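As structure tokens, the structure follows; a few thoughts come after it.
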Number of protein chains: 2
Amino acid sequence: METITVYDIAREANVSVATVSRVLNDTAPVRESTRQKIMAIIEKHKFQPNALARSLVNKKTGMIGVLFPDSSNMFFPEVFGGAELAAQKLGYTLFLCNTFSDYSRESEYLNLLCERQVDGLILMGGRINARHCPASLVQEVVDIQRKIPIVMINGTLPGYSFHRVKTDEYLGTKLIVQHLIDRGHRHIGFLGGSAATTTTVEKLQAYQRTLEANHLTYRKEWVHFGSFSKSCGQQLMETFLAMSNRPTAILCINDYVAIGAMKTALSRGIRIPEDIAIAGFDDTQLASAMNPELTTVSQQSEQLGRQAMLNLSKLIQKEKVKKVTVLAPNLMIRQST
Amino acid sequence: METITVYDIAREANVSVATVSRVLNDTAPVRESTRQKIMAIIEKHKFQPNALARSLVNKKTGMIGVLFPDSSNMFFPEVFGGAELAAQKLGYTLFLCNTFSDYSRESEYLNLLCERQVDGLILMGGRINARHCPASLVQEVVDIQRKIPIVMINGTLPGYSFHRVKTDEYLGTKLIVQHLIDRGHRHIGFLGGSAATTTTVEKLQAYQRTLEANHLTYRKEWVHFGSFSKSCGQQLMETFLAMSNRPTAILCINDYVAIGAMKTALSRGIRIPEDIAIAGFDDTQLASAMNPELTTVSQQSEQLGRQAMLNLSKLIQKEKVKKVTVLAPNLMIRQST
DNA sequence: TTGTAAGCGTTATCAG
DNA sequence: CTGATAACGCTTACAA
């Protein structure tokens, strides 16, 4: 398959490559008749300019690298779905990279994306949510940022200031704990999340302080960490149920954990919300699919992605952008509480 | 930010760019001492070769374009999750494009990916599932295939032979209908899916024939088309419930429709599976998250993606590959039937 | 309005 | 083992 180039088009049209390039990019006036002629030849051969060559000289690729930790958690597809829509309008394409929360995979992808000359980077999960991120991993990102604009979603890195977009998870947690309290609950547990993760800590603090503000005592035995998966919720719920003095309501770190918790409870014949109330976080599509429907906090996932893309785009055009954009969380009261 | 190139490295090391390139690619012997020296300088400047320039001469980018119709249907993230894992091992990166099932968006992306010189293409949804695909859209793909290897997942285009990977949806449907019959159901409905889609037709046929094979009569009024969403399931279920003579079991086109159907039924106080049995298709994570858990058919989504990537890779290396790879569906019997 | 030619940052061929 | 130098396919001054 001999590839066809601007030279081929130029030759056939009896013009120079410069002229072909001009009609391709509409970058300078070209006599209408020759434009027509060139266009016809392009059509005829279905000629497509090589974007690599083009980007090489333009020094921009129109590609945005997106790092996310886990495509099996619907939250992330929702976020980059929003980002993609925005990107499309702005003329960018997303380069999605699933890091599986693995630092070394993150580094590889970061490297790959830089070599591929992406115009910008959106970072989610992994190191930017680590409570104790190794300095070398921080440095890596800092170095990249000197060449490529970066926007972080729901996370950051210590010691430097980055552009970020986030939902107010602290407020979101506060809202939902208060909701449980308003529903009459005095014994509220906290389930799931890795203690090595900043979001877990942030939510935990909000949980603690909201209890205090309501003169409720914080009980260590009602707080159990783990991971962010359904199976974590299932397991940890077992331990709750085994307790003689168990909480009447449980706040889970996210929807997946909440669903796991629900499953275990339900399988024991425990009613939700009558016997125990369960709340999630993120408002993924699972929340409204469940039965009973899950009370949760919406992070406005599409908005998050959209906003990140918008800010990144401005950053690329070297416009001023607020360092931190905070979105308001939305309490979604449904049946599980 | 002046970018640093092989020339800079070469100058600082007192060698030619050729030598730098050699150590970069390990493509020819280089004296150990000079290799060391060059490596050191590369490290020092954190030099990263420009992949665009590289690809321009190599004529390969290591990128695989992936078209899929809908990131909000977990089935697709599952498929490309599997593909990504395989791609990583093979040294490829995926370029994921959400087409929202929109033909023109598909065309745009197809164009984009070609210009970006992807090494191969994986196609899902959209036109390759259309019962009546406009000839021009078929031609588009045919033209591309002459330059770029393509693998289609669960679909094809009329009039040409393409490489494809699919699960046997016919068999899958047969299995689940038979399962319902074996459970004692004689009145089985069929819910959801666009009649303009090949998979819908294929499943419908399997449904019909399996009924016949069991001497059950096919009733038009028990078949309702729509879309592939939860809300479709909710709406169509309403119409079923309004019928005086309604089926005792319902096969839904996919898990989302099934969940919608379940929700409507449950909200009416109808018990599942006692009053009505409901089955889905795809075995997305939703199926096992639900309560009651949804009986469904696994398409082995990750496998699908993995296999497509594997076949595509061989195609790219110009190795022989079976035209059609068929994966076996798995009946997942759970609580909803 | 159009053409010439110099890049863009690599790799690869061919001498040395 | 190493160095010139010509591609790769396109854009963009600079001239004409």
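Only this structure's heavy atoms are used, side chains among them; waters, hydrogens and symmetry mates stay out. Chain A is the first sequence line, chain B the second, and so forth, proteins listed ahead of strands; every chain is numbered from 1. Computed from a prediction, not measured in an experiment: that's the story for all the values here.
- Here Asp8(B) lies out of heavy-atom contact (under 4.0 Å) with every strand.
- Residues from residues 35-47 of chain B lying near DNA chain D, meaning a heavy-atom separation below 4.0 Å, are absent.
- Residues satisfying the side-chain contact (heavy atoms from CB on, under 4.5 Å) criterion with Ser101(B), sequence neighbours excluded, are Pro69(B).
- Checked for salt-bridge contact, Glu140(B) and Arg127(B) meet the test: a charged N lies under 4.0 Å from a carboxylate O.
- Following rounding to the nearest Å, Leu56(A) (CG) and dA6(C) (P) show an atom-to-atom distance of 18 Å.
- Residues satisfying the ring-ring contact (aromatic ring centres under 6.0 Å, His included) criterion with Phe95(B), sequence neighbours excluded, are Phe95(A).
- At least one donor-acceptor pair closer than 3.5 Å links the side chain of Asn50(A) to the backbone N or O of Leu52(A).
- Proximity of Ser16(A) to the phosphate of dG3(C): a side-chain N or O atom is located under 4.0 Å from OP1 or OP2.
- Across the helix from dT1(C)-dA16(D) to dG16(C)-dC1(D), the helix axis at one end is tilted relative to the axis at the other end by 40° (nearest 10 degrees, each axis from five pairs).
- Looking at heavy-atom distances under 4.0 Å, Thr34(B) makes contact with sugar-phosphate atoms alone, never a base.
- Contact annotation for Gln48(B): backbone-only contact, meaning every heavy-atom pair under 4.0 Å involves sugar-phosphate atoms and none involves a base.
- When the P atom of dT4(C) is taken as reference, atom CZ of Arg11(A) falls 14 Å away, rounded to whole Å.
- The main-chain N or O of Ala18(B) is found under 3.5 Å from a side-chain atom of Ser16(B) such that the two form a donor-acceptor pair.
- Within the structure, the side-chain hydrogen bond (donor to acceptor under 3.5 Å, both in side chains) test picks out the following pairs touching residues 64-73 of chain B (sequence neighbours left out): Asp70(B)-Ser72(B), Ser71(B)-Asn98(B).
- Arg35(A) pairs by the salt bridge (Lys or Arg N to Asp or Glu O under 4.0 Å) definition with Asp26(A), Glu32(A), not counting sequence neighbours.
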Using a 3.5 Å cut-off and no angle test, enumerate the donor-acceptor pairs between side-chain atoms of residues 150-162 of chain B and protein atoms at least two apart in sequence or in another chain.
residue: Asn154(B); atom: OD1; partner: Thr167(B); partner atom: N; Å: 3.0
residue: Asn154(B); atom: ND2; partner: Gln299(B); partner atom: OE1; Å: 2.8
residue: Ser161(B); atom: OG; partner: Lys323(B); partner atom: NZ; Å: 2.9

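- Residues forming a ring-ring contact (aromatic ring centres under 6.0 Å, His included) with Phe68(B) (at least two apart in sequence, or on another chain): Phe80(B).
- Take Lys46(A) and apply the salt bridge (Lys or Arg N to Asp or Glu O under 4.0 Å) test, not counting sequence neighbours, and it matches Asp143(B).
- In this structure, the side chain of Ser21(A) does not engage the main chain of Val17(A) through any donor-acceptor pair within 3.5 Å.
- For DNA chain D, the outermost nucleotides in 5' to 3' order that have an atom under 4.0 Å from a heavy atom of chain B are dC1(D) to dG9(D).
- Atom-to-atom distance recorded for Thr61(A):OG1 and Gln117(A):CD is 7.5 Å, nearest 0.5 angstrom.
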Protein and nucleotides 11-14 of chain C: nitrogen or oxygen contacts under 3.5 angstrom:
residue: dT11(C); atom: OP1; partner: Asn25(B); partner atom: OD1; Å: 3.1
residue: dT11(C); atom: OP1; partner: Asn25(B); partner atom: ND2; Å: 3.0
residue: dT11(C); atom: OP1; partner: Arg54(B); partner atom: NE; Å: 2.9
residue: dT11(C); atom: OP1; partner: Arg54(B); partner atom: NH2; Å: 3.3
residue: dT11(C); atom: OP2; partner: Ser21(B); partner atom: OG; Å: 2.8
residue: dT11(C); atom: OP2; partner: Asn25(B); partner atom: ND2; Å: 3.4

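- For Arg105(A), the side chain to side chain donor-acceptor pair (under 3.5 Å) partners at least two apart in sequence or on another chain are Gln88(B).
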